[in-house]
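Lettering of chains follows the sequences in order, A, B, ..., and the numbering in each one begins at 1.
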Number of protein chains: 2
Amino acid sequence: MTTTGAPRMIQDRALRPTAKVLPEHIRLNNRTLVLQTLYRTGLQSRADLARETGLTRVTVSDLISELMGENLVIELGQRQEPRPGKPATLLDINRVAFQIVTLDLSGHTRLRGAVLSLDGVVLSSSGIDLADARGEAAYDKVAELLAQVIARATAPILGVGIGSPGIVDRAGVVRNAPNLGWRDQPLQARLQNATGLPVRVVNDANAAVLAEHSFGGADHDLLLVKVGHGVGAGLLIGGRAIFGERFAAGEIGHVVVGTDDGPLCACGKSGCLEAWLSVPRLTSAIQDATDAATTAAEAELVIDQILTEAGRRLGIILAPVVGALNLLEIVLSGPPELLDGTLSAATVETILSRTMATETGDLTLRMTEQGEDIVLRGAAVMVLSAQLGVS
Amino acid sequence: MTTTGAPRMIQDRALRPTAKVLPEHIRLNNRTLVLQTLYRTGLQSRADLARETGLTRVTVSDLISELMGENLVIELGQRQEPRPGKPATLLDINRVAFQIVTLDLSGHTRLRGAVLSLDGVVLSSSGIDLADARGEAAYDKVAELLAQVIARATAPILGVGIGSPGIVDRAGVVRNAPNLGWRDQPLQARLQNATGLPVRVVNDANAAVLAEHSFGGADHDLLLVKVGHGVGAGLLIGGRAIFGERFAAGEIGHVVVGTDDGPLCACGKSGCLEAWLSVPRLTSAIQDATDAATTAAEAELVIDQILTEAGRRLGIILAPVVGALNLLEIVLSGPPELLDGTLSAATVETILSRTMATETGDLTLRMTEQGEDIVLRGAAVMVLSAQLGVS
DNA sequence: CATGTTTGTTAGTAGATCTTACGAACTAAA
DNA sequence: TTTAGTTCGTAAGATCTACTAACAAACATG
């Protein structure tokens, strides 16, 4: 099978065409369409696929035999339900034939890695302490972790997906990642050379929003806010991730909130979102409050105020974005003990009170259900999308 | 030729495919590709087109003869430059064979209409006073104006494009337009029935951003802010307009600015962008200042303060959007005597001071060069895109 | 004047889907 | 038990697309 190079899909769109299309491209489109349908619903017959895709049974049969030849699809016996007619042969993606390896470099002190099934389930995970490594030393840590994780795979590896903090361009070059001490680090190309596997590197928040989109259910436009040592966002509109003109979309951590100043930020400005909302800032503020309080009730009250204010600040930043994009779904990723409850309630209330209620009335804001594996799973989505055209 | 129904184009994209593709679709894609190339550069030979599109001369010839049969393309004699080889036959879109009719319903008191060439040049324009007509009466005014404009066309009409204020869905139903007294007004369908022509209705700010994109040059992501009786925005990312989950993208007029309250808005909230920035509010504030001032210099000073503050408020709203989308190009549309200069300088300065300089350093903010015809021209882009796949 | 280049067309090939037709295998009713 | 009807998967041939190869026409250059 093709293990390198993204499939070239074909689609109608309200855009001027930019490239010619050949008969072989339509084959790839329909092949991917069948694979996608099978990936999503699983356990279908050729006839089912024909009905769902609009292709004829003949064409589906042909595509399926091609996919079976690549070990991507397998037959799973005949359907048992008593129905008139010849019983259908059930098909499914061969979900155990390949595995996906992904890394999450967004941890402040620890890098994580995992082997995932084609369904995005974490089969095994590993980690390595960054130990303040920067620049080339940080790269070595990444390469070491990657080799470890690859060794733990128990099936051929479909590809490697990596979520990195900082600005990452379309070629997988990390343009700027202060925490890792990288500037213009060609991570994707280097690791692809080192491993011989197809590698995809994207920003961690962008990976996260892909995970939320693919595994989180609804097919809405989506804004994911990732709160950790810093604050970043991933944005998905019309089914596609937004990367931005300079690949810095979602970098809202150093946008100033409100018109009443605020705490000094490491970047030099006052009142940046990160200065209100980052995990270090919240935990230390809570610690201070706990230390200063004389009773547990008093501490709780102050903590509530801190979280409410942080949530409100997030809402102030998000309101114009929600209004401009007419977003209806916002997802938070980060420590639930900080974000869930008081903080997110304050955020949604602030957004609603600052935008047109008629347009944002059914806004939902919730915690992600992907937990700490969100970047690892999102990186897997990248690989599935790049290698199989599936997600 | 096909005068109704959008062409179905085909394109590679990083998205899962949602529909099957047939050989006839690839024909349409390549046909549109050729037409698009010709539309953009004009005066090319079949061999030139083949080189530019990547198709073979044979295929281009075939497509061209089809397009010539529909009177969309014409031959313009042989190239004169002395070059070796058989002289090339120059081709061009038949730019005088069709005309486009568009309406701009966004004026507070007056509706405008125009006949445009395929190049988007206004050939003749008309207008009609709204005279406070609302609901069905407003529809009648629109239909009357449309009939007038259609009568002034001097060539077959490719289609009708309409920019309407308010929330407009993909089917051209005006979901909500307070100024015209419309709720769920199926404008596109009604006018299509009435005229027998293909009609496209979109939000006025969305039309404007399309005009700016097609005629304004650069191929960047683009945010257009349209300041008039209200304040709205149109957003274009990756070459496509963003409509939003409920078709209300760009509705930033009633987003609250800052954390220090502000003037009461008609919507009930305090400190909405429209309460700071709309044309009526600015003109009346300036009028008051002029009346109250004892000297011209004093008046000028106060006016400067008013405009600076309005610009600053706009910047405060836009900063999170610019950060989240990593936008580099913002365009203002509206009365230049209000927006150009002091106000826009304050806006750009505010945005830069509230975002990460490294990511937004090369942000440009400028007035549109499309002037008052921006919606009319944008509506023409809609028609070109829908009928020919060209823009 | 011969040579090389470029243009646009004709003829035939390869790849993709489709329609039509058919055997296989099952359920349900006579 | 037989018959009819249904559904599945496959086979053969038709249609549509763009491609390659080849060629005549028309020009510039040495």
Side-chain angles (χ1 to χ4, degrees), chain A residues 7-12 17 19-34 38 43-69 73-91, chain B residues 7-12 17 19-34 38 43-69 73-91:
Chain A
R8 179 196 170 86
M9 266 162 300
I10 299 175
Q11 200 78 28
D12 95 335
K20 66 170 176 174
V21 174
L22 302 179
E24 63 204 78
H25 298 137
I26 108 179
R27 177 75 167 184
L28 185 47
N29 179 287
N30 291 339
R31 176 196 135 114
T32 303
L33 177 61
V34 167
L38 211 44
L43 277 191
Q44 286 188 298
S45 69
R46 293 169 175 83
D48 293 334
L49 289 169
R51 277 185 291 267
E52 187 135 343
T53 59
L55 296 164
T56 60
R57 292 200 305 274
V58 180
T59 304
V60 170
S61 272
D62 198 38
L63 290 166
I64 288 292
S65 72
E66 181 181 310
L67 290 167
M68 286 177 65
V73 169
I74 49 172
E75 292 188 335
L76 288 173
Q78 297 192 333
R79 178 179 280 143
Q80 293 303 330
E81 309 159 26
R83 292 203 302 187
K86 175 178 172 178
T89 311
L90 292 175
L91 305 168
Chain B
R8 178 196 171 87
M9 266 162 299
I10 299 174
Q11 201 78 27
D12 96 333
K20 66 170 176 175
V21 174
L22 303 179
E24 63 206 76
H25 298 137
I26 108 180
R27 178 76 167 182
L28 186 47
N29 179 288
N30 291 340
R31 176 195 135 113
T32 304
L33 177 61
V34 167
L38 213 43
L43 278 192
Q44 287 187 297
S45 70
R46 294 167 174 83
D48 293 334
L49 289 168
R51 276 185 291 268
E52 186 135 345
T53 61
L55 296 163
T56 61
R57 292 201 306 273
V58 180
T59 304
V60 170
S61 272
D62 199 37
L63 290 166
I64 287 292
S65 72
E66 182 181 310
L67 291 167
M68 286 177 63
V73 169
I74 49 172
E75 292 187 337
L76 288 174
Q78 296 192 334
R79 178 179 280 144
Q80 294 304 329
E81 310 159 25
R83 293 202 301 186
K86 174 178 172 178
T89 312
L90 292 175
L91 304 168

*Apply the test side-chain contact (heavy atoms from CB on, under 4.5 Å) to residues B:Leu22 and B:Lys20: give CA-CA distance (whole Å), side-chain angles for both, the deciding distance (0.1 Å), then the verdict.*
CA-CA 7 Å; B:Leu22 303 179; B:Lys20 66 170 176 175; 4.3 Å; yes

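Classification of B:Arg46 and B:Asp62 as a salt-bridged pair fails, no side-chain N sitting under 4.0 Å from a carboxylate O. Ion pairing between B:Arg57 and B:Asp48 fails under the 4.0 Å rule for side-chain N and carboxylate O.
The side chain of B:Arg27 contributes no N or O atom lying less than 4.0 Å from OP1 or OP2 of D:dC16. For D:dC19, one of the phosphate oxygens OP1 or OP2 lies less than 4.0 angstrom from a side-chain nitrogen or oxygen of B:Thr59.
Put simply, the side chain of A:Leu76 does not reach to within 4.5 Å of the side chain of A:Leu91, judged on heavy atoms. Residues B:Ile64 and B:Val60 meet the side-chain proximity criterion, which asks for heavy atoms closer than 4.5 Å.
Rounded to a whole Å, the CZ atom of A:Arg57 is 11 Å from the C1' atom of D:dT6. The distance from atom CD1 of B:Ile26 to atom C1' of D:dT15 is 13 Å, rounded to the nearest whole Å. One interatomic measurement links the two molecules: CD of B:Glu66 to C1' of D:dA18, which rounds to 14 Å at whole-angstrom precision. Atom CG of B:Leu33 and atom C1' of D:dA18 are 13 Å apart (whole Å). Spacing between atom CD of B:Gln80 and atom C1' of D:dA26 amounts to 13 Å, rounded to whole angstrom units. Atoms CD (A:Gln44) and P (D:dC8) sit 12 Å apart, rounded to a whole Å. Rounded to whole Å, atom P of D:dA25 lies 21 Å from atom CZ of B:Arg83. Protein atom CG of A:Leu22 is 9 Å distant from nucleotide atom P of D:dT20, rounded to whole Å.
Among the protein residues, B:Asp62 comes within range of no part of the nucleic acid, since none of its heavy atoms lies under 4.0 Å from any strand. If you check every strand for non-hydrogen atoms under 4.0 Å, B:Arg51 touches sugar and phosphate atoms only. Heavy atoms of A:Arg46 sit under 4.0 angstrom from primed sugar atoms or phosphate atoms, though from no base atom.
Closest approach to the B:Pro84 side chain among D:dG9, D:dA28, D:dA18 is made by D:dA28 (side chain taken as heavy atoms from C-beta onward). The side chain of B:Thr56 lies closest to D:dT20, out of D:dT20, D:dC8, D:dT17. Ranking D:dA25, D:dA22, D:dC8 by closeness to the B:Lys86 side chain, first place goes to D:dA25. Which of D:dT20, D:dG9, D:dT17 sits closest to the side chain of B:Val58 comes down to D:dT20.
Taking CZ of A:Arg31 as the start and CD of A:Glu24 as the end, the distance is 13.0 Å to the nearest 0.5 Å. The CZ atom of B:Arg27 lies 11.0 Å from the OG1 atom of B:Thr32; values are rounded to the nearest 0.5 Å. The distance from the CG atom of A:Leu38 to the CD atom of A:Gln44 is 6.5 Å, given to the nearest 0.5 Å.
Where B:Val60 and A:Thr89 meet DNA chain D, the nucleotide closest to each residue was compared, and A:Thr89 sits on the side nearer the 5' end. In terms of position along DNA chain C, the nucleotide closest to B:Gly85 lies nearer the 5' end than the nucleotide closest to the other residue of the pair A:Gly54 and B:Gly85.
Counting 5' to 3', DNA chain C first comes under 4.0 angstrom of a heavy atom of chain A and last does so at the ends given by C:dA16 to C:dT27.
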